[in-house]
Student: 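Could you have a look at this structure, given as structure tokens, before my questions?
Note that this is a predicted model, so its numbers are computed, not measured. Any value given below was found using the heavy atoms of this structure, including those in side chains, with hydrogens, waters and symmetry copies removed.
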Amino acid sequence: MAEVATDEVQVWVDQDLCTGDGLCVQYAPEVFEFDVDGLAYVKGPDGELQQAPGARVGVPEHLRLEVIDSARECPGECIHVVRASDGVEVAGPDAED
């Protein structure tokens with residue numbers, strides 16, 4: 001688990017599975033935000049919603065644990081946290097926990 005916190009990670013949301021529950025926005029509002037469609041999206045460093053399907057953003061180091069927790073707790077299992085170096089999912093539905 002320690003290596004997850006130190007590796008650079010990226011996150012993306014599968015809107016097809018998003019339930020609009022909002023846990024991710026509560027955990028890390030700097031990274032996740034709802035759009036007018038009621039679904040969660042990731043935000044770029046400039047705060048702009050990334051609406052392209054599968055759009056990934058880097059996760060600031062101080063928010064990694066919150067983003068990983070949001071992926072683990074998401075009822076829609078739609079948040080994917082991957083290592084930037086090799087794309088391996090470290091949290092989310094495809095992670096090998």
Side-chain angles (χ1 to χ4, degrees):
M1 180 64 190
E3 63 190 67
V4 172
T6 57
D7 286 346
E8 287 200 18
V9 294
Q10 297 176 323
V11 63
W12 64 280
V13 176
D14 184 345
Q15 281 79 28
D16 292 338
L17 299 176
C18 181
T19 60
D21 191 83
L23 281 177
C24 59
V25 176
Q26 292 175 14
Y27 273 106
E30 300 93 332
V31 177
F32 303 103
E33 186 175 310
F34 284 124
D35 198 7
V36 293
D37 59 8
L39 303 177
Y41 291 82
V42 292
K43 297 192 288 189
D46 57 1
E48 288 293 313
L49 289 185
Q50 305 300 303
Q51 295 176 305
R56 296 178 178 187
V57 298
V59 178
E61 186 173 1
H62 70 282
L63 293 173
R64 287 187 191 145
L65 291 178
E66 288 86 347
V67 169
I68 288 168
D69 284 345
S70 69
R72 290 185 173 147
E73 300 296 324
C74 177
E77 296 188 338
C78 66
I79 300 170
H80 300 265
V81 182
V82 298
R83 271 195 312 249
S85 59
D86 58 11
V88 170
E89 188 152 321
V90 295
D94 298 330
E96 293 181 19
D97 284 335

Student: Compare all side-chain heavy atoms of P93 with those of H80 and state whether any distance is below 4.5 angstrom.
Tutor: yes
Student: Which is it for Y27 and L63 under the side-chain contact (heavy atoms from CB on, under 4.5 Å) test, yes or no, and what are the steps along the way?
Tutor: CA-CA 9 Å; Y27 273 106; L63 293 173; over 6 Å; no
Student: Tell me the closest heavy-atom pair linking F34 and L49, and the distance in Å.
Tutor: O-CD1, 4.3 Å
Student: Should V57 and V82 be counted in the same cluster of Ile, Leu, Val, Met, Phe, Trp and Tyr side chains packed under 4.5 Å apart?
Tutor: no
Student: What verdict does the side-chain contact (heavy atoms from CB on, under 4.5 Å) test give for R64 and E8, after you've listed the backbone C-alpha separation in whole Å, the side-chain angles of each residue and the deciding distance to 0.1 Å?
Tutor: CA-CA 9 Å; R64 287 187 191 145; E8 287 200 18; 3.8 Å; yes
Student: What distance do E33 atom CD and C24 atom SG have between them, rounded to the nearest 0.5 Å?
Tutor: 10.5 Å
Student: Apply side-chain contact (heavy atoms from CB on, under 4.5 Å) to residues L23 and C74 and explain how you reach the verdict.
Tutor: CA-CA 7 Å; L23 281 177; C74 177; 5.9 Å; no
Student: Looking only at heavy atoms, what is the nearest atom pair of A55 and V42, with distance?
Tutor: O-CG2, 3.6 Å
Student: Measure across F32 and S70 and return the closest heavy-atom pair with its distance rounded to 0.1 Å.
Tutor: CE1-OG, 3.4 Å
Student: For Q15 and A40, work out which heavy atoms get closest and say how close.
Tutor: NE2-O, 2.8 Å
Student: Give, for atom CD of E73 and atom CD of Q26, the distance between the pair rounded to the nearest 0.5 Å.
Tutor: 11.5 Å
Student: Are V90 and V9 close enough that some pair of their side-chain heavy atoms sits under 4.5 Å apart?
Tutor: yes
Student: Hey, could you give me the CD/CD1 distance between E89 and I79, rounded to the nearest 0.5 Å?
Tutor: 10.5 Å
Student: To check you understand the geometry: which heavy-atom pair defines the closest contact between V67 and A28, and what is its length?
Tutor: CG2-CB, 4.1 Å
Student: For P29, does its backbone N or O pair with a side-chain atom of K43 as donor and acceptor, under 3.5 Å?
Tutor: yes
Student: For residues C78 and C18, report the shortest heavy-atom separation together with the two atoms involved.
Tutor: SG-CA, 3.7 Å
Student: Give the cluster check for V31 versus L39: same hydrophobic cluster or not, with ILVMFWY residues linked at side-chain heavy-atom distances below 4.5 Å.
Tutor: no
Student: Rounded at 0.5 Å granularity, tell me how far CD in Q50 sits from CG in D35.
Tutor: 11.5 Å
Student: Show, in sequence, the C-alpha distance, side-chain angles and deciding distance for Y41 and V13, and conclude whether the side-chain contact (heavy atoms from CB on, under 4.5 Å) test is met.
Tutor: CA-CA 6 Å; Y41 291 82; V13 176; 6.0 Å; no
